[in-house]
Amino acid sequence: MPRIRVHSRSIAGLREADLEAERALLDEAERERAGRFVFESGRVEFTAVHALVRTLLGRELGADPRALRFVAQAYGKPAVWLDGAPAPVSFNLSHTAGMVAVAVGPADMALGVDVENGERAVDLSIAESYFAPIETAWLMAKAEPDRRRAFTTLWTLKEAFIKATGKGLSQELDRFWFADPSQIPIRIGFRDEDAGQADEWRFEHRILGEHHHLSVGWRGPGEVEWID
């Protein structure tokens, strides 16, 4: 059974000065991108997650993390190259206030991961405007104190899917749905037949610490190994 390794790292309280070793792993373009963030928290998130990606992929490929090159595919999803050729591994990354996450899987696997801080303010009208009706009904059936957590669970699952497909927000969020993310296994549904077979997709969701939500989605067989 193929294995998907999902790594997470708390970055709560870290400052740029704490990440000098990680910053040294980044290439010039990545350091430049990190420097564009106005706030230190953004620079910390970017540096931490991109250094984690390089470290994990370098370990997976038996290569120097600094030798890896990232190439944007259609819709912007990155792929990793080594020695001038695509590397035999798939990956996806995500970051939010206080947490970064990376998923690594077999080559050519459609794989997506999303992590969100459940304490941040959410606009539930987003669900009414953009989610599938069955998802909105599931959310509205929740008691008020639980609705924000349910929204964040649903949001991370939807993000994991659109990141796995590589199409991102070019996909309309109401054309696929998770009818009840609290049920195991978590199932996806599609409005359009050309979206593929729903039973090909698998999802897992986890709460990290007290309030960070992490979801991973992939197409085909596979088992998740959670690594904190």
Side-chain angles (χ1 to χ4, degrees), residues 1-12 14 16 18-34 42-73 76-117 156 159-166 168 202-209 212-228:
M1 180 73 71
R3 186 169 298 275
I4 300 104
R5 296 178 178 86
V6 181
H7 304 252
S8 59
R9 178 190 179 187
S10 173
I11 56 171
L14 290 184
E16 284 184 277
D18 301 318
L19 297 175
E20 285 303 313
E22 285 88 345
R23 190 173 185 274
L25 296 177
L26 307 187
D27 63 21
E28 183 177 348
E30 288 168 326
R31 289 193 290 270
E32 181 181 344
R33 288 176 62 193
R43 297 191 295 271
V44 166
E45 286 179 33
F46 184 95
T47 300
V49 75
H50 284 81
L52 182 60
V53 164
R54 285 184 172 274
T55 299
L56 298 176
L57 293 179
R59 187 182 304 160
E60 190 81 15
L61 297 167
D64 184 340
R66 294 166 296 186
L68 304 177
R69 188 164 67 90
F70 296 94
V71 177
Q73 304 175 91
K77 186 176 183 180
V80 61
W81 284 48
L82 179 64
D83 297 329
V89 66
S90 62
F91 75 97
N92 200 230
L93 60 88
S94 182
H95 56 88
T96 190
M99 188 71 65
V100 298
V102 175
V104 178
D108 300 323
M109 173 179 277
L111 176 63
V113 66
D114 188 58
V115 63
E116 299 289 344
N117 188 325
T156 58
E159 280 278 340
F161 172 70
I162 65 175
K163 293 176 71 178
T165 64
R202 290 159 176 79
F203 298 87
E204 291 197 22
H205 172 265
R206 193 178 191 187
I207 295 179
L208 308 175
H212 283 94
H213 291 243
L214 189 155
S215 290
V216 57
W218 69 97
R219 186 169 55 210
E223 293 181 344
V224 172
E225 178 182 355
W226 298 95
I227 305 172
D228 299 327

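All values reported here derive from a predicted model rather than from experimental measurement. The residues of the chain are indexed from 1 along the displayed sequence.
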> Does the side-chain contact (heavy atoms from CB on, under 4.5 Å) test come out yes or no for Val216 and Trp226, once each step is laid out?
Replying inline: CA-CA 10 Å; Val216 57; Trp226 298 95; 4.1 Å; yes
For residues [X] and [Y], report the shortest heavy-atom separation together with the two atoms involved.
| X | Y | result |
| --- | --- | --- |
| Ser90 | Pro106 | OG-O, 2.7 Å |
| Val89 | Gly105 | CG2-O, 3.3 Å |
| Gly217 | Ala160 | N-CB, 3.9 Å |
| Pro65 | Leu25 | CB-CD2, 4.4 Å |
| Ser8 | Met99 | CB-SD, 4.1 Å |
| Val44 | Ile11 | CG1-CD1, 4.2 Å |

Keeping the roles fixed (side chain from [X], backbone from [Y]), state whether a donor-acceptor pair exists under 3.5 Å.
| X | Y | value |
| --- | --- | --- |
| Thr156 | Leu214 | no |
| Ser94 | Ala101 | no |
| His50 | Arg23 | no |

> How about Gln73: does its CD atom have over 12 heavy atoms from other parts shown lying under 6.0 Å from it?
Replying inline: yes
> Would you say Asn117 has more than 12 foreign heavy atoms packed within less than 6.0 Å of its CG?
Replying inline: yes
Say you draw a straight line from [atom1] of [X] to [atom2] of [Y]; how long is it, rounded to the nearest 0.5 Å?
| X | Y | atom1 | atom2 | answer |
| --- | --- | --- | --- | --- |
| Leu52 | Leu93 | CG | CG | 9.0 Å |
| Phe91 | Lys77 | CZ | NZ | 8.5 Å |
| Arg219 | Thr165 | CZ | OG1 | 8.5 Å |
| His95 | Arg9 | NE2 | CZ | 14.0 Å |
| Thr47 | Arg33 | OG1 | CZ | 11.0 Å |
| Glu116 | Glu159 | CD | CD | 6.5 Å |

>> Strictly below 4.0 Å, N to O, side chains only: are Asp27 and Arg54 in salt-bridge contact?
In response: yes
Heavy-atom side-chain contact between [X] and [Y] under 4.5 Å:
| X | Y | result |
| --- | --- | --- |
| Arg5 | His7 | yes |
| Leu68 | Leu61 | yes |
| Val102 | Val100 | no |
| Asp114 | Asn92 | no |
| Ile4 | Met109 | yes |
| Leu14 | Glu22 | no |
| Val53 | Phe70 | yes |

> Taking the inter-plane angle between the rings of His205 and His213 on a 0 to 90° scale, is it parallel (under 30°), tilted (30 to 60°) or perpendicular (over 60°)?
Replying inline: tilted
